[in-house]
Amino acid sequence: MAIKCIARLRSRRVVQDQLQTPNEVEAEGGCCWANLPQELLWEVLLRIEESESIWPQRKYVVACAGVCRCWRFIIQQIVKLPQLSGKLTFPISVKQPGPKDSLLQCFIKRNRSTQTYYLYLGLTNSLSDGGKFLLAARKCRRPTCTDYIISLLAEDFSKGTNTYAGRLRSNFLGTKFTVFDGQSPQAGAKMGKSRSSRLANLRQVSPSSNYPMAHISYELNMLGSRGPRRMQCNMNTIPATSIAPGGLDPTTQAELNPYQSTPTSFLSKSASMENSVSDQKNGGLVLINKAPRWHEQLQCWCLNFHGRVTIASVKNFQLVASPENGPAGPEHEKIILQFGKVGKDLFTMDYRYPISVFQAFAICLSSLETRIACE
């Protein structure tokens with residue numbers, strides 16, 4: 001009963017709370033839920049967060065953050081980052097690194113008629129459960145390249161709104177791709193204290209600028225030799241040390257709360273445009289596809305997807321970290337991202353730390369692009 005009441009409170013309180021200071025809210029009397037003792041409120045919200053651990057029930061945790069500033073502050077302290085909890089709660093979670101201990105299972109649905117791709121978080125082991133919608137992308141062909149506009153909403157692909165997450169752009173041959181983040185490093189700045197500045201910030205949409213955060217390249221296959229595609233991903237915003245035991249976490253320089261964005265890049269823009277060799281020298285993580293093995297009886301290339309992929313396709317891949325210098329260690333054997341086909345227009349996507357679901361989705365979109373030069 002309390003959770004349902006919380007959900008109803010959100011629609012009445014969230015807009016007013018954004019326009020008023022805590023003193024103004026208190027002067028107007030607030031509501032009985034906002035005036036609970038801090039210790040009791042903390043215990044109530046903590047129990048809600050623990051009990052509503054999966055979607056769609058987890059929507060009540062999001063509703064709690066919209067009741068008032070006091071509730072939002074406590075929720076920020078209670079809800080852990082995806083890399084620690086393995087849960088995606090707030091929209092900013094799509095830009096934060098995935099869980100460290102396991103792969104987070106997602107799936108992609110393709111609509112051929114509209115050239116649109118929808119990413120869902122898997123709620124059960126079955127792909128027929130509908131899932132929790134995360135991101136959508138629409139393909140836009142241009143004379144010299146192809147763009148994939150990635151959005152937080154399934155039907156809004158405008159670059160001028162705050163639902164714009166970023167984009168993926170390919171070259172003319174479809175062999176090289178760049179992932180752009182639509183959020184500037186200053187996007188997580190705190191709202192101004194004055195009422196006029198808060199009104200201005202509420203009306204301001206996110207910038208249409210794009211910040212390169214990853215580069216994906218596919219090896220040319222001009223001779224048409226048999227075998228899977230060879231791909232390489234230069235993750236300019238992730239340090240290579242992040243995969244080592246106790247390594248550098250991409251979010252260590254950011255505030256650890258769900259309403260603050262992670263750093264857009266730990267490298268300069270000029271450094272982010274360099275090739276994989278310079279990326280490794282500068283400390284950037286480089287991902288390569290895991291080499292498959294030839295199965296003599298089946299007469300095909302095989303990878304162990306642990307039951308997550310059921311249809312053989314040249315688009316299927318598994319990505320692991322590339323060793324910087326010297327032999328590979330145990331951390332270079334862990335699958336960071338795997339993608340595969342399970343239906344005519346249905347694909348699975350499983351990812352883990354240190355990449356985010358946004359980065360994983362962009363990489364998978366590059367594999368879905370048809371390229372004769374690489375096959």
Side-chain angles (χ1 to χ4, degrees), residues 54-56 88 94 98-99 102-141 146-155 157 165 168 170 174 177 179 216 218 226-231 233 289-290 292-295 297-319 335-352 355-372 374-375:
I54 60 175
W55 290 93
L88 301 179
V94 301
S102 61
L103 290 167
L104 197 59
Q105 296 183 347
C106 307
F107 60 93
I108 298 173
K109 291 183 178 180
R110 175 174 59 186
N111 187 324
R112 292 176 181 266
S113 61
T114 60
Q115 293 290 289
T116 307
Y117 303 82
Y118 303 96
L119 175 66
Y120 298 88
L121 174 66
L123 302 181
T124 64
N125 292 331
S126 173
L127 297 179
S128 60
D129 56 19
K132 168 68 173 72
F133 173 79
L134 296 176
L135 292 168
R138 176 161 294 173
K139 185 176 181 179
C140 303
R141 290 191 179 275
T146 300
D147 276 348
Y148 288 84
I149 307 301
I150 304 176
S151 172
L152 294 171
L153 291 181
E155 301 299 334
F157 295 94
L168 173 74
S170 74
F177 296 78
V179 182
I216 309 163
Y218 290 83
R226 294 181 62 189
R229 295 173 178 170
R230 295 182 181 180
M231 62 186 298
C233 305
N289 61 314
K290 187 175 182 179
R293 296 181 179 180
W294 178 257
H295 198 289
Q297 294 180 346
L298 299 177
Q299 289 294 299
C300 64
W301 296 95
C302 295
L303 282 171
N304 186 6
F305 287 92
H306 302 282
R308 290 285 291 167
V309 177
T310 57
I311 299 178
S313 173
V314 71
K315 296 178 173 63
N316 301 346
F317 66 82
Q318 290 179 327
L319 292 185
I335 304 299
I336 294 178
L337 171 64
Q338 68 177 19
F339 172 79
K341 191 173 184 179
V342 293
K344 182 179 180 181
D345 293 303
L346 186 62
F347 308 84
T348 57
M349 185 197 86
D350 305 336
Y351 80 102
R352 68 184 302 160
I355 66 173
S356 66
V357 66
F358 169 76
Q359 293 167 328
F361 187 39
I363 294 173
C364 293
L365 288 174
S366 72
S367 182
L368 288 168
E369 177 72 10
T370 302
R371 56 189 69 81
I372 300 176
C374 301
E375 301 177 358

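What you see is a predicted model, and the numbers here were worked out from it, not measured in a lab.
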Given the rule in the side chain to side chain contact (heavy atoms under 4.5 Å, CB included) test, do L319 and I355 qualify, once you have shown the distances and angles that lead to the verdict? CA-CA 11 Å; L319 292 185; I355 66 173; over 6 Å; no
Go through the steps for Q318 and N289 under the test side chain to side chain contact (heavy atoms under 4.5 Å, CB included), then give the verdict. CA-CA 5 Å; Q318 290 179 327; N289 61 314; over 6 Å; no
Kindly determine whether L104 and V357 satisfy side chain to side chain contact (heavy atoms under 4.5 Å, CB included), including the steps that lead there. CA-CA 9 Å; L104 197 59; V357 66; over 6 Å; no
Could you go through S366 and V179, starting from their C-alpha distance and side-chain angles, then the distance that decides it, and tell me whether this counts as side chain to side chain contact (heavy atoms under 4.5 Å, CB included)? CA-CA 10 Å; S366 72; V179 182; over 6 Å; no
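When all heavy atoms of K315 and S367 are compared, the closest pair comes out as O-OG, 2.8 Å. I335 and L103 make their closest contact through O-CD2, 3.5 Å (heavy atoms, listed as atom of the first residue, atom of the second, distance). Nearest heavy-atom pair across T310 and V342 is OG1-CA, 3.4 Å. When all heavy atoms are compared, the tightest approach of A136 to A154 is CB-CA, 3.9 Å. Closest heavy-atom contact between Y351 and G98: CE1-CA, 3.5 Å. Nearest heavy atoms, C106 versus L121: SG-CD1, 4.1 Å.
At a threshold of 4.5 Å between non-hydrogen side-chain atoms, the residues Q338 and L303 do not count as touching. A 4.5 Å side-chain heavy-atom check between I54 and L123 finds every atom pair outside the cut-off. The closest side-chain heavy-atom distance from F358 to L134 is not below 4.5 Å. Taking the side chain as every heavy atom from C-beta outward, D147 and R138 never approach each other to under 4.5 Å.
The residue from H306, R308, Q105 that alone fulfils the side-chain hydrogen bond (donor to acceptor under 3.5 Å, both in side chains) condition with D350 is R308. Partner F107 forms a ring-ring contact (aromatic ring centres under 6.0 Å, His included) with one of F347, Y120, F361, F133 and no other, that one being Y120.
With rounding to the nearest 0.5 Å, the separation of OH in Y148 from CD in Q115 is 7.0 Å. For the atom pair I363 CD1 and F339 CZ, the distance stands at 11.5 Å (nearest 0.5 Å). Here the CG-CE distance, from L365 to M349, works out to 9.5 Å after rounding to the nearest 0.5 Å. Taking CG from L346 and CD1 from I108, the interatomic distance works out to 9.5 Å, rounded to the nearest 0.5 Å. Going from atom OG of S113 over to atom CG of D345 covers 9.5 Å, rounded to the nearest 0.5 Å. Atoms NZ and OG1, on K341 and T348 in that order, are 12.0 Å from each other to the nearest 0.5 Å.
Between Y218 and F177, the ring planes lie perpendicular to each other; the angle is over 60°, past the 30° to 60° tilted range.
Taking a 6.0 Å sphere around CZ of R112, one finds it holds more than 12 heavy atoms contributed by other residues, nucleotides or ligands.
A donor-acceptor contact shorter than 3.5 Å is absent between the side chain of T116 and the backbone of N111.
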